[in-house]
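Each remark here refers to the structure printed beneath this line.
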Amino acid sequence: MIRVEHLTKAFNGHPVLQDVSLEIHEGETLAIIGRSGSGKSVLMKHIIGLMKPDSGRVFVDGTDISSISYSELRLVRRQFGVLFQGGALFDSMSAFDNVAFPLHTFTRKSEDDIRRETQKCLDLVHLPHVGAVNPSELSGGMRKRVALARAIALRPRYIIYDEPTSGLDPETSSTINELIKGLARQLEITSIVVTHDMHSVLAIADRVAFIHNARMHWVGSINDLHSSEDEVLHAFVKANEYFIGAAASGAS
Amino acid sequence: MNGVVLNLVRPFFSLGRFSLLLAKACGSLGDIGIYRKNMVVQMVRIGLESIPIVALAAAFSGAVTTVQTAYQLVSPIIPPKVIGAVVVPSLTMELAAVVTGFILSGRVGARIAAELGTMRVTEQIDALEAMGLNSVGYLIVPRVAAGILMFPVLYVAACLIGVAGSLLAAMLTGVVSIGEFILGAREHYDNFGPYFGLIKAFVFGFLITSISCYMGYYTEGGAEGVGRSTTRAAVMSCVFILVADFALAIVLL
């Protein structure tokens, strides 16, 4: 379980997160939503220890990662897989080598086992034949799927998706959403999805955390989201055209 | 006022951050097993792939120094063999190391800063860290170690090719015979010269790679930021080569 307690972070005196608290339960898919620049990605970076809070604490399985040493933090991070916004694939390596990289680096498996495991990850993201291709030759959606294959290579307990559908067409977005949902079910991974795409939220999330004005404004289940009368949340959700479309098709 | 204070403080801030980066790099030396493969790659990129441009620069430096020395020194009362006595120490003590350093500031320094800068702005460095890898150890240690190991090799190559260029220029222009050139070089040969040059190469190798890694690793602000880091890496490497060259001359000579 991941627990964020009273986290506060400011950049150049400008508060980005103020007194943010949140619990992420084992096996669930939590969507962190909010406007662009609301601090969602900053919260995500705190959860994997890429940023240190000005005050407050982040617990991963009971360990306060804001106060442990760097070498201990690296061990905690190995329980996470992260899908960055642009994929963050290593452009000096082929798609296959990108996925195999964590296996080569952190396991003592034989070359044959690594090859098999890597191919299995590429199969899981429905890209069995792109191994030899360089990241620069892949489309945006394919890059994200290869990055997802890399993120699950070590079978992490937690996986964090940073804007997984941003910049993608609706069809590719749906493919990514299905993958996120499918992987969470198949691999029993706890998923944290940072996004402002309500279509994606409705398709994959069990619970939603809404950040507004640097504070955790609202946390609840998808069902609660529909019935909530919170005006700020309602305005955010309504402003998303995908939500309107999804709600309409849901009603029909 | 705030801007003035910031500009005054910035060099100290940079020096502090540079020192911390090096300390973190030293702290990750124990994980060399993980970085070994990357180090071999960097030794090829920094060392072997630089040989053609270093050879070209060294050969022309040697040739030009020979012709100019002949023009400036040789007269009825100064024998031509003095050309060998001047050119060879100039190459081994100064030119081979400094010219190699300047060329590699552009070729190696800019490449390192651009690579790391691009990795920073495209979140590849964050991806390494998120996996639980020490990005400083994985990216910086192999590059700096390769620089320290390969620059002396390039220096030796530059010395040999520089002397060959000198001999070729002497032969083609006829300012001095090969025999007289070698005689002059041997009569005034100082054992310390090549050692002095090797120490310089070692220091320049460290400076160019570590400064460029620092500039690239802390890149901010997209493509423009990468461009800025790349330029700064090349310029600062050249500046610190000059400063170190002077400091080493004062300390060691």
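In the text below, chain A, chain B and the rest are named by the order of the sequence lines, each starting its count at 1.
- Between Met119(B) and Phe90(A), some side-chain heavy-atom pair lies under the 4.5 Å cut-off.
- Counted within 6.0 Å of CZ on Phe59(A), heavy atoms from surrounding residues, nucleotides or ligands total more than 12; the atom is thus considered enclosed.
- Residues of residues 225-245 of chain B lying within less than 4.5 angstrom of chain A, judged on heavy atoms, are absent.
- Residue contact with chain B, scored on non-hydrogen atoms closer than 4.5 Å, is absent for Leu75(A).
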All donor-acceptor atom pairs under 3.5 Å, backbone and side chain, chain B-chain A:
| unit_1 | atom_1 | unit_2 | atom_2 | d |
| --- | --- | --- | --- | --- |
| Asp31(B) | OD2 | Arg74(A) | NH2 | 3.4 |
| Gln124(B) | NE2 | Asp91(A) | OD2 | 3.3 |
| Asp126(B) | OD2 | Lys45(A) | NZ | 3.4 |
| Glu129(B) | O | Arg77(A) | NH1 | 3.3 |
| Glu129(B) | OE1 | Tyr70(A) | OH | 2.8 |
| Glu129(B) | OE1 | Arg77(A) | NH1 | 2.7 |
| Glu129(B) | OE2 | Tyr70(A) | OH | 2.9 |
| Gly132(B) | O | Arg74(A) | NE | 3.2 |
| Gly132(B) | O | Arg78(A) | NH2 | 3.3 |

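- Within a 6.0 Å radius of CZ in Phe202(B), no more than 12 heavy atoms belonging to other residues, nucleotides or ligands are found.
- Residue Ile125(B) does not touch chain A at all, counting heavy-atom pairs closer than 4.5 Å.
- If you tally non-hydrogen atom pairs under 4.5 Å between each of Leu89(A), Leu154(A), Ile160(A) and chain B, the highest count goes to Leu89(A).
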